[in-house]
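Take a look at the structure set out below.
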Amino acid sequence: MAAQNREITIIGGGIVGCSTAYYLSHHPSYSPETTTITLLEASINGAAQGASGKAGGLVAKWAYPRELVDVSFEEHKRLAETHGGTERWGWRMVGCGTWEGRGEVLTEADEPGTGVGKGGERRSLEKTLGLDGGSKSKASRRAKGLPDDLTWVKESLTSSYTPMAPAGDTAQVHPYLFTMSMLELAKERGVQFVSGKVTSINHDGGQVKSVTYTEVTGEKLTRTIPSTHVILTAGAWSPNILPSLPISATRAHSITVITPPETEIAPYVLFTEIVMPADGRTRSKGRPEIVSPEIYPRPLPTKEIYICGPGDSLKLPETVDEVAVDPEACEAIYKQVASISPEVKSGTVDKRQACYLPVVRGGGGPIVGEVKSLKGLILGVGHTCWGICNAPGTARALSELVMEGGIKCADLRRLDPSRYFKL
Ligand SMILES: Cc1cc2nc3c(=O)[nH]c(=O)nc-3n(C[C@H](O)[C@H](O)[C@H](O)COP(=O)(O)OP(=O)(O)OC[C@H]3O[C@@H](n4cnc5c(N)ncnc54)[C@H](O)[C@@H]3O)c2cc1C
């Protein structure tokens, strides 16, 4: 048997870690004879329990940063074509626009609220930062109103609908199904999935040597895996393993609503600005409450509408399994969207959930590449609000770094770890 020359350990089973496992195990020079790949995940419930299982799933050419988006969008298309993504993870093109209007009172008892969890200050998820003002205002002039098939928001409550990008520039996936598919396809090629919480990356003489973790099931033994390459993809938890990383965490709530089977829900993702009805819920200065839930209809696993609210600053818990969900924040998100959509109002709330977005402090990111001062330590962290979109590009770049010695698919110098922190 040939000598093993690569022992790759990936830390974190979110979309970035699972996609990296996929790209490494599908790289032309990968062979299980010479390369072992182990993916460690700290949740007792398996992969994709954090943001990667609870995100919206938008994949857009107008996302950021541009150099990663250009690779990622094409890779998303290729993966969907290669592995039946339409049926397997709900890949499809969608319309996408900003919707502005007012909500209507649901019933006497309804108190829509703000949708921010009881976790401190309100934070924006900042998805629309990638749009330049020019394309938005041009689109505004063109768009005079709702598209004919966007019938699941009430026309009478609409002030304006403005497409955010040309047709063909925006798509979606179901993030949980996509992440799990990447993992399953990687496992088929020999990747080992291990339920374990990493406690340290060990090194010697400027080179990574191993990773120590504690099993999260069974006897909870502490074990060490020899590693020639360690790829850190632990999302918002990455600084727990590498404390100098400039990454913070923003919590956001979301729900899914199962719509009645007979209702037709055209595929539009909406970034809303809803003026809530002024039945006593006005701000102290007398201004009406304006809320901005994001709405994502999905064809899989069943016809459903995903809705997320704003972020908050509640402290990151020790593991993904301990993320707190504020039921009032979920209720508020539901009522806000039910106040503009009869289809949501007549649907059934299925999931009420929260997750943490990994944000690079000071802006920019994600951070993608090798840490020059510690050979073999590679980062794929800080994907902010575009990690679902940018995971395939990140994963392809990281697989090239490990298997070919350098990133070939794009010029990612702007995302290099050395620009963000010193070890
Ligand atoms: C409400 C919301 C909506 C979003 N919508 C979109 C969208 O529409 N489009 C888009 O592109 N992006 C979206 N995002 C952003 C996207 O979800 C994230 O950027 C992405 O999921 C980050 O993936 P990740 O793999 O880096 O992190 P995560 O999904 O957080 O995965 C990290 C994993 O590492 C594990 N881990 C942590 N510590 C350890 C340890 N010590 N040992 C082992 N494992 C560990 C965790 O348990 C977790 O499973 C959204 C985010 C939010 C919050």
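Treat the numbers as computed from the prediction; the structure is a model and nothing was measured. Atoms within each ligand, like the ligands themselves, are counted from 1 in listed order.
Between atom 32 (C) of ligand 1 and the options Ser72, Ala234, Gly196, the minimum heavy-atom separation is to Ala234. Here atom 22 (C) of ligand 1 lies nearest to Ser52 when heavy atoms of Gly14, Ala391, Ser52 are compared. Of the listed options Gly12, Ala51, Ala55, Ala55 places a heavy atom closest to atom 4 (C) of ligand 1.
By the 3.5 Å distance cut-off applied to N or O atoms, Tyr356 is not counted among the residues near ligand 1. Below 3.5 Å of separation, one finds an N or O of Ile388 facing an N or O of ligand 1. Annotation: Ala252 places no N or O atom under 3.5 Å from an N or O atom of ligand 1; distance criterion only. Taking only nitrogen or oxygen atoms, main chain and side chain alike, Gly17 does not reach within less than 3.5 Å of ligand 1. The N/O atoms of Val320, backbone and side chain alike, include none that comes under 3.5 Å of an N/O atom in ligand 1. For the pair Cys355 and ligand 1, the shortest N or O to N or O distance does not fall below 3.5 Å.
Using a 4.0 Å heavy-atom cutoff, Gly57 is listed among the residues neighbouring ligand 1.
By the criterion of a heavy-atom distance under 4.0 Å, neither the backbone nor the side chain of Tyr213 is placed next to ligand 1. Only the backbone of Thr233 comes within 4.0 Å of ligand 1, counting heavy atoms alone; no side-chain atom from C-beta on gets that close.
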